[in-house]
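Atoms within a ligand are numbered from 1 in the order they appear, just like the ligands themselves. This is a predicted model, so every value here is computed, not measured.
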Amino acid sequence: MSGDHDTEEAPPEVHHYNNIGEVPWDIQNYWSQRYKIFSKYDEGVWLTDDAWFGVTPEPVANEIAEHIAKSAPSSRSILVDAFAGAGGNTIAFARSGRWKRVYAIEKNPAVLQCAKHNARIYGVDHQITWFEGDSLQIVNNQLKELGPFSVLFASPPWGGPGYRSDKVFNLSTMEPYSLATLYGEYSLFTGLMVLYLPRTSNVKQLAKLVNDGQTATVMHYCMEGASKALCIYYGGFDLD
Ligand SMILES: C[S@@+](CC[C@H](N)C(=O)[O-])C[C@H]1O[C@@H](n2cnc3c(N)ncnc32)[C@H](O)[C@@H]1O
């Protein structure tokens, strides 16, 4: 590690791998793309071994942040990132400069420490309020009053049967939270939400949640000519 950030103590499950020889075999593919994931990787970015699989690569996170920044109504000044992970999206939201405050929630304490550390590397930690815990609880309790001023972004885990193998991903068997569970809980908090989901997500299931007369927009986010994931924008975004 280098710079000012190497004086912090990393929890035992957190690593900054410098050489491929140190990297577990199932992460080596991700590690070889480390600068696409975090351009400042060499400044001492921290990840747990599991976080590598879920982190949103920086160019994709920046594009999403830009789309949300320009399409959300100006009355919304708070961005809540419900599944902060190692900070890929949270950092991009803070860097966009669009939000008065970014609130970032992460259940796993070691992963949350990575996100905080990585946000310091990118110089945006002071714009973010961190919560350790369950975002389904936190948004409707501690953050409840902020709902009318907020846009919620969620990049949940994509576990469940058939995520990698099925042509069409069934969002009702997504684990641990189905689309209906996430939408149901988060829509108690705000009507404006963006969900980051597998590119093969079942579009009929996405559309089912849209009330008559309302619209929702699906955006595919690509890297090297292939869709990496999609975002569904629910509520009054102006994406034209
Ligand atoms: C796909 S990752 C998010 C990656 C993140 N967008 C990034 O770019 O680094 C999903 C994260 O959600 C966390 N998580 C799972 N259930 C949660 C919950 N109920 N509340 C908050 N975080 C949760 C997991 O620990 C994991 O870090």
Considering only heavy atoms of [X], which atoms of ligand 1 have at least one such atom less than 4.0 Å away?
X: Asp134; result: 18 (C), 19 (N), 20 (N)
X: Ser155; result: 1 (C), 2 (S), 3 (C), 4 (C), 5 (C), 6 (N), 10 (C)
X: Thr56; result: 6 (N), 7 (C), 8 (O)
X: Gly87; result: 9 (O)

How close does the nearest protein non-hydrogen atom get to [atom], and which residue and atom is it?
atom: atom 5 (C) of ligand 1; value: Ala84 O, 3.4 Å
atom: atom 12 (O) of ligand 1; value: Phe83 CD2, 3.2 Å
atom: atom 26 (C) of ligand 1; value: Glu106 OE1, 3.6 Å
atom: atom 4 (C) of ligand 1; value: Gly54 O, 3.4 Å
atom: atom 20 (N) of ligand 1; value: Ser135 N, 2.9 Å
atom: atom 15 (C) of ligand 1; value: Pro157 CG, 3.8 Å
atom: atom 22 (N) of ligand 1; value: Lys107 N, 3.3 Å

Side chain, backbone, both or neither: which part of [X] has a heavy atom under 4.0 Å from ligand 1?
X: Ala51; result: neither
X: Trp158; result: neither
X: Pro176; result: neither

Any atom of ligand 1 sitting under 4.0 Å from a heavy atom of Gly133?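 It does; at least one heavy atom falls under 4.0 Å.
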Could you tell me whether ligand 1 has any atom less than 4.0 Å away from a heavy atom of Tyr177? yes
Neighbour count >12 (heavy atoms, 6.0 Å) for atom CZ, Phe149: no
Looking at Lys228, I'd like to know if its NZ atom is crowded, meaning that more than 12 non-hydrogen atoms belonging to other residues, nucleotides or ligands lie closer than 6.0 Å. no
Is there a donor-acceptor pair closer than 3.5 Å between any side-chain N or O of [X] and the backbone N or O of [Y]?
X: Ser150; Y: Leu146; answer: yes
X: Gln28; Y: Val23; answer: yes
X: Glu22; Y: Asn18; answer: yes
X: Asn202; Y: Gln205; answer: yes

In sequence, state the C-alpha distance, the side-chain angles, and the governing distance for Val139 and Glu185, and then conclude on side-chain contact (heavy atoms from CB on, under 4.5 Å). CA-CA 9 Å; Val139 296; Glu185 288 295 321; 6.0 Å; no
Same cluster or not: are Tyr177 and Met174 linked, directly or through other Ile, Leu, Val, Met, Phe, Trp or Tyr residues, by side-chain heavy atoms under 4.5 angstrom apart? yes
Assign the ring pair Phe153 / Tyr196 to parallel, tilted or perpendicular, where the plane angle (0 to 90°) is split at 30° and 60°.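 Taking Tyr196 first and then Phe153, their aromatic rings sit tilted (interplane angle of 30° to 60°).
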Assess, by modelled atom type and distance only, whether the side chains of Tyr17 and Asp49 contain a donor and an acceptor separated by less than 3.5 Å.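 Judged by distance alone, the side chains do pair up.
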Would Gln142 and Tyr103 count as having a side-chain donor-acceptor pair, cut-off 3.5 Å? no
So, regarding [X] and ligand 1 (criterion: nitrogen or oxygen to nitrogen or oxygen, under 3.5 Å), is there a contact or not?
X: Ala86; answer: yes
X: Gly88; answer: yes
X: Asn108; answer: no

Using the rule ring-ring contact (aromatic ring centres under 6.0 Å, His included), only one of Phe93, Tyr221, Phe237, Tyr233 pairs with His67; which is it? Tyr221
